[in-house]
Number of protein chains: 2
Amino acid sequence: MNVRTLCLGILSFAQMTGYDIRKLAAEGNFSHFCEANYGSIYPALSQLTKDGFVVFTDEALDGKPPRKIYSITEKGHVHLFETLDKQPGPDRFKSEFLFYSLFQDKMQASDFRKLLVRKIAETRDTLESLEKANDCCDHEPSHFALGYGVAMNKAVLDYLKKYLASFDTTQKQVTQNLSDKD
Amino acid sequence: MNVRTLCLGILSFAQMTGYDIRKLAAEGNFSHFCEANYGSIYPALSQLTKDGFVVFTDEALDGKPPRKIYSITEKGHVHLFETLDKQPGPDRFKSEFLFYSLFQDKMQASDFRKLLVRKIAETRDTLESLEKANDCCDHEPSHFALGYGVAMNKAVLDYLKKYLASFDTTQKQVTQNLSDKD
DNA sequence: TACGTCATGTAAGTCGTTACATGATTGG
DNA sequence: CCAATCATGTAACGACTTACATGACGTA
């Protein structure tokens with residue numbers, strides 16, 4: 001789904017600024033299954049405004065810097081649910097880490113180990129933030145989406161930890177064999 | 001990682017045609033963590049050739065249509081491992097399905113159920129093909145990458161199946177409550 | 001004979017990333 | 001006062017997708 005649809009969807013939950021949308025999409029409850037930066041969000045909001053799918057009010061409070069609060073229109077709602085009527089495309093997963101891992105036997109063992117350890121830490125962090133978000137959230141559908149992310153990351157974390165353990169065992173044996181030969 | 005690096009990496013395992021690369025990247029053992037089409041692979045191979053990272057032999061056997069068999073050069077190897085020295089970017093997961101799911105309470109229950117059922121079927125298929133690939137494969141690093149995919153998909157499948165079950169229970173109760181009121 | 005697979009490529013367009021540019025407010 | 005956060009936007013570039021164009025071989 002493109003950034004326009006993402007913005008429209010987010011705005012269907014609450015009115016907010018482009019800045020807020022980016023936060024949700026890049027750091028918040030949506031971030032584990034989509035992404036969007038300012039560079040794509042602001043143009044998307046312009047387009048949505050042109051299309052009449054959203055409107056904004058220019059809020060220029062006292063000393064505060066002006067900000068545009070966007071909200072979805074009836075036309076926007078209709079468009080959103082028309083989009084949602086088509087069946088969703090497949091999930092997409094891209095992992096540079098897995099690509100790298102294909103060459104693990106061609107790197108220094110210690111280098112690959114570092115990759116593993118870092119990946120484990122990252123996954124743990126992601127998992128924790130998803131679980132936290134899930135606890136704070138009382139919107140049932142978001143619960144489902146967050147739970148999906150939790151389940152995925154738990155499985156990955158588990159897999160990586162087991163692999164690290166077996167990796168270390170193997171390395172110990174290699175070291176052992178080397179010293180045996182001495 | 002871009003398509004050029006992907007091609008280079010794949011060619012570091014074996015020489016092959018652009019057609020073969022696409023098969024691996026879009027349907028084969030690499031497909032669960034990357035993607036690439038003809039439209040990006042052929043231009044990437046041209047570029048890699050210009051850069052001297054790969055070379056090809058024009059194979060025009062008897063009646064057969066001509067094909068270009070690409071192989072990685074020493075320079076290409078060096079470049080690949082230089083790339084691999086930088087630390088990998090984060091995994092990226094995008095799910096239109098999860099985006100749709102955020103609106104489950106705004107759709108017909110039966111429509112969302114269909115989405116769920118389809119997703120379960122898709123996940124099961126993915127899982128099976130990964131497991132199959134994993135059984136046939138004796139390259140240890142690929143084993144790791146495939147196992148990662150298996151673990152992820154197993155967790156997702158499990159999650160979805162449980163959710164479907166609870167979804168059906170809830171729906172039955174709703175129906176029950178409705179008929180109670182009659 | 002017709003369909004599926006093998007095989008290569010281009011061109012137009014879409015889409016998004018990165019970096020830049022700017023500036024006010026808030027809190028330590 | 002300094003850093004972080006709030007806030008909006010543009011421009012250049014890079015990257016990939018989709019559709020098109022072509023054709024031979026094998027097999028049912």
Side-chain angles (χ1 to χ4, degrees), chain A residues 1-8 10-11 15-28 30-31 33-51 54-70 83 89-90 92-94 96 99, chain B residues 1-8 10-11 15-28 30-31 33-51 54-70 83 89-90 92-94 96 99:
Chain A
M1 106 227 98
N2 57 31
V3 178
R4 275 195 313 289
T5 309
L6 178 63
C7 290
L8 205 54
I10 290 179
L11 288 173
Q15 53 170 39
M16 65 186 84
T17 66
Y19 187 87
D20 295 328
I21 292 178
R22 193 225 139 237
K23 240 197 165 175
L24 281 179
E27 300 163 22
F30 296 72
S31 60
F33 60 83
C34 68
E35 34 185 357
N37 309 317
Y38 296 129
S40 51
I41 289 171
Y42 285 117
L45 288 171
S46 302
Q47 188 58 50
L48 288 169
T49 305
K50 265 188 208 159
D51 294 340
V54 304
V55 289
F56 63 87
T57 56
D58 239 312
E59 193 192 50
L61 283 175
D62 29 325
K64 286 176 186 171
R67 49 191 220 139
K68 293 181 178 177
I69 301 180
Y70 288 88
T83 307
R92 298 182 183 287
F93 174 70
K94 288 196 197 184
E96 249 176 63
F99 179 71
Chain B
M1 108 225 96
N2 57 31
V3 178
R4 275 195 313 287
T5 309
L6 178 64
C7 289
L8 205 54
I10 292 180
L11 288 173
Q15 52 170 38
M16 65 187 84
T17 66
Y19 187 86
D20 295 328
I21 292 177
R22 193 225 139 238
K23 241 195 164 178
L24 281 179
E27 300 163 24
F30 296 73
S31 61
F33 60 84
C34 68
E35 35 186 353
N37 309 316
Y38 296 128
S40 51
I41 289 171
Y42 286 117
L45 288 171
S46 302
Q47 189 57 51
L48 289 170
T49 305
K50 265 188 208 159
D51 294 338
V54 304
V55 289
F56 62 87
T57 55
D58 239 311
E59 191 192 48
L61 283 175
D62 30 325
K64 285 177 186 170
R67 49 191 219 137
K68 294 181 178 177
I69 301 181
Y70 288 89
T83 307
R92 298 183 183 287
F93 175 69
K94 287 196 196 184
E96 250 175 63
F99 179 72

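Proteins get letters first, then strands, A, B, ... in listed order; numbering begins at 1 in each.
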Rounded off to whole Å, could you give me the [atom1]-to-[atom2] distance for the [X] and [N] pair?
X       : N      : atom1 : atom2 : answer
B:Tyr19 : D:dC25 : OH    : C1'   : 12 Å
B:Arg4  : D:dC16 : CZ    : P     : 8 Å
A:Asn37 : C:dC15 : CG    : P     : 16 Å
B:Arg92 : C:dG16 : CZ    : C1'   : 11 Å
B:Met16 : C:dA7  : CE    : P     : 12 Å
B:Glu35 : C:dG16 : CD    : P     : 13 Å
B:Gln47 : D:dA15 : CD    : P     : 10 Å
A:Asn2  : D:dC16 : CG    : P     : 19 Å

### Task
Check side chain to side chain contact (heavy atoms under 4.5 Å, CB included) between A:Ala36 and all other residues, then give those that pass, not counting sequence neighbours.
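In terms of side chain to side chain contact (heavy atoms under 4.5 Å, CB included), with neighbours along the sequence ignored, A:Ala36 is linked to A:Val3, A:Leu6, A:Ala25, A:Ser40, A:Ile41.
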### Message
B:Thr57: which residues meet the side chain to side chain contact (heavy atoms under 4.5 Å, CB included) condition with it, sequence neighbours left out?
### Response
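Listed in chain order: B:Ile69.
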### Residue list, side-chain hydrogen bond (donor to acceptor under 3.5 Å, both in side chains) with B:Glu96, at least two apart or on another chain
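Applying side-chain hydrogen bond (donor to acceptor under 3.5 Å, both in side chains) to B:Glu96 gives none.
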### Task
Measure up the A:Phe33 and A:Phe30 rings against each other and bin them: parallel (under 30°), tilted (30 to 60°), perpendicular (over 60°).
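Taking A:Phe30 first and then A:Phe33, their aromatic rings sit tilted (interplane angle of 30° to 60°).
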### Query
Quick one: on DNA chain C, does B:Lys94 or B:Gly18 contact a more 5' nucleotide (nearest heavy atom)?
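Looking at DNA chain C, the more 5' nearest nucleotide goes with B:Gly18.
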Could you tabulate the donor-acceptor pairs under 3.5 Å formed by side-chain atoms of residues 17-24 of chain B, not counting sequence neighbours?
unit_1	atom_1	unit_2	atom_2	d
B:Thr17	OG1	B:Tyr19	N	3.4
B:Thr17	OG1	B:Asp20	N	3.1
B:Thr17	OG1	B:Asp20	OD2	3.0
B:Asp20	OD2	B:Thr17	N	3.2
B:Arg22	NH1	B:Glu27	OE2	3.2
B:Arg22	NH2	B:Glu27	OE2	3.2

### Query
Angle, rounded to 10°, between the helical axes spanning five pairs at each terminus of the helix from C:dT1-D:dA28 to C:dG28-D:dC1?
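Rounded to the nearest 10 degrees, the bend comes out at 40°.
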### Message
I want to check one thing: is the phosphate of C:dT17, taken as OP1 and OP2, less than 4.0 Å away from some side-chain N or O of A:Ser40?
### Response
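Result: yes.
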### Message
On the nucleotide C:dT5, are OP1 or OP2 found under 4.0 Å from the side-chain N or O atoms that B:Lys23 carries?
### Response
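Checking B:Lys23 against C:dT5: no side-chain N or O falls below 4.0 Å of OP1 or OP2.
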### For the student: nearest non-hydrogen atoms of B:Leu11 and B:Tyr70, plus distance
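Taking B:Leu11 first and B:Tyr70 second, the nearest heavy atoms are CD2-O, 3.5 Å.
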### Minimum heavy-atom distance between B:Leu45 and B:Val54, given as atom pair plus value
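For B:Leu45 and B:Val54, the tightest heavy-atom pair comes out as O-CG2, 4.1 Å.
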### Among D:dA7, C:dC15, C:dA7, the one nearest A:Thr17 by side-chain distance
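Output: D:dA7.
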### Task
Report the nucleotide, chosen from C:dA7, D:dT18, D:dA15, that has the shortest atom-to-atom distance to any side-chain atom of B:Arg67.
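So the nucleotide nearest the side chain must be C:dA7.
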### Query
How many angstroms lie between atom CZ of B:Arg92 and atom CD of A:Glu35, to the nearest 0.5 angstrom?
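One finds 4.5 Å between CZ of B:Arg92 and CD of A:Glu35.
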### Atom pair SG (B:Cys7) and CG (B:Asn2), whose distance is rounded to the nearest 0.5 Å
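B:Cys7 SG to B:Asn2 CG: 9.0 Å, rounded to 0.5 Å.
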Between N or O atoms, less than 3.5 Å apart, protein on one side and nucleotides 9-14 of chain C on the other: list the pairs.
unit_1	atom_1	unit_2	atom_2	d
C:dG9	OP1	B:Lys68	NZ	2.3

